[in-house]
Amino acid sequence: MVVVISWNVNGFRSVLKKGFLEWVKSFQPDILCLQETKLKPQDIKEEGIQLPEGYLHYWAFAKKPGYSGTAFFSKKEPKAIIPVNDPVFADEGRVQIADFDKFILVNSYWPNSQDERARLPYKLEFIDKLLEVLNKFVKNEKRNVLVCGDFNIAHTEIDLARPKENENHAGFYIEEREALTKFFNAGYVDTFRLFCKEGGHYTWWSYRTKARERNIGWRIDYHVVNKAFVKNVKRSWILSDVY
DNA sequence: TCTTGCAAGGG
DNA sequence: ACCCATGCG
DNA sequence: CCCTTGCAAGACCGCATGGGT
């Protein structure tokens, strides 16, 4: 049994101050995927940053300092790290791919569409290209894939507390919701929904007005697998006590 | 996310 | 070392 | 007129950077 966790840390430095290492030590996931690390390559190289014990670590960095970036920690060494060269993924350190033999892991931090749909075209291109990459593994090479991370999209009305009010807001624009529908229809399964059909389960809450206490949130983080791999998924859930 | 202010439309 | 503005979410 | 409805805009918090002193 392999436990894979996804976590948007909103600053790796920040969560280090909030007990990140202690949490990893007690929870002991096999693979831990992070988004929004906001680190620079030299933060790792110069050995200044603390890392969890017993894990190998892999990083992707944005060109822009203090922005975006992903990482994953793994107890076991992957068979291979698959290079991610397309600027759409690489320039902002948004995608990592690793071959774990039983499946291919894709850790991803999907772009925020921003106000006025400013980055929606980029986001749609990102999704199209990601789908191409996945199809190559699944259809051409008959591999299984697990795609996890912060998709920055609430898919349907039950995936956020205020659907009507947010129809014209980033994360719930009709275009990105339809792109995610297309993604799922291409043979990739939202594993959380295999186990839970009800609304009210969220992974992100606005920083304003104590939204988390009142559970006025959005489900924008996902673990997705190709159809053939669904039978191997034992569980998919949201950790509610982690900040 | 929530409050505010303004404008349009119906009675 | 500290403070403030900016970018981003 | 007055009262509703529907909007858009703005403030809000937290992390990280960078410039100034």
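Below, chain A is the first sequence line, B the second, and so on; all start at residue 1.
Distance, A:Tyr122 OH to C:dC8 P: 13 Å, rounded to whole Å. If you measure from atom CD of A:Gln35 to atom P of D:dC15, you get 17 Å, rounded to the nearest angstrom. Atoms NZ (A:Lys210) and C1' (D:dC13) sit 12 Å apart, rounded to a whole Å. Rounded to whole angstrom, the span from the NZ atom of A:Lys40 across to the P atom of D:dC15 amounts to 16 Å. Rounding to whole angstrom units, OH of residue A:Tyr67 and C1' of D:dG18 are separated by 18 Å. The distance between atom NE2 of A:His169 and atom C1' of D:dG6, rounded to the nearest whole Å, is 13 Å. Spacing between atom CH2 of A:Trp7 and atom P of D:dC15 amounts to 13 Å, rounded to whole angstrom units. Atom C1' of nucleotide C:dG9 and atom CG of A:Asn10 are separated by 7 Å, given to the nearest angstrom.
Comparing the P positions of D:dC12 and B:dG5 gives a spacing of 15 Å, expressed to the nearest Å. Rounded to the nearest Å, the gap between the P atom of C:dT6 and that of D:dG10 is 16 Å. Spacing between B:dA7 and C:dC3 at atom P, rounded to whole Å, works out to 44 Å. Only the P atoms considered, C:dA5 is 14 Å distant from D:dA11, to the nearest whole Å.
The side chain of A:Trp204 contributes no N or O atom lying less than 4.0 Å from OP1 or OP2 of C:dG9. Note on A:Arg162: a side-chain N or O is less than 4.0 Å away from OP1 or OP2 of B:dC2. Phosphate contact (OP1/OP2 of C:dG9, side-chain N/O of A:Asn152, threshold under 4.0 Å): absent. At the phosphate of D:dG14, neither OP1 nor OP2 sits under 4.0 Å from any side-chain N or O atom of A:Arg13.
Using a 4.0 Å heavy-atom criterion, one finds that A:Trp205 contacts no nucleic acid atom at all. At the heavy-atom level, A:Gln114 lies under 4.0 Å from the strands shown only through sugar-phosphate atoms.
Judged by distance alone, the side chain of A:Ser113 and the main-chain N or O of A:Ala170 form no donor-acceptor pair under 3.5 Å.
In this structure, A:Arg219 is not positioned above the aromatic face of A:Phe192 in the sense of NZ or CZ being under 6.0 Å from the six-membered ring centre and within 45° of the axis.
The closest side-chain donor-acceptor pair between A:Trp205 and A:Asn215 falls under 3.5 angstrom.
Applying the 6.0 Å contact sphere to CD of A:Glu116 captures no more than 12 heavy atoms from other residues, nucleotides or ligands.
Distance from the side chain of A:Lys38 is smallest to D:dA16 among D:dA16, C:dG9, D:dT17. Of all nucleotides listed (D:dC15, B:dT1, D:dT17), B:dT1 comes nearest to the side chain of A:Ser206. Comparing atom distances between the A:Glu116 side chain and each of D:dT17, D:dA9, D:dA11 picks out D:dA9 as nearest. Looking at the side chain of A:Ala211, the nearest of the listed nucleotides B:dT1, C:dG7, C:dG9 is B:dT1. Of the candidates B:dC2, D:dA11, D:dC15, D:dC15 carries the atom nearest the A:Lys18 side chain, counting heavy atoms from C-beta on. In this structure, of C:dG9, B:dC2, D:dA16, it is D:dA16 that holds the atom nearest to the side chain of A:Ser14. Taking only side-chain atoms of A:Arg208, from C-beta outward, the nucleotide of D:dA16, C:dG9, B:dT1 with the closest atom is B:dT1.
An aromatic stack links A:Tyr207 and the base of C:dG9, using centre distance under 5.5 Å and interplanar angle under 30°.
The one candidate from A:Lys63, A:Lys64, A:Arg119, A:Lys123 that meets the salt bridge (Lys or Arg N to Asp or Glu O under 4.0 Å) condition with A:Glu92 is A:Arg119.
The ring of A:Phe73 has its center closer than 6.0 angstrom to the ring center of A:Trp59.
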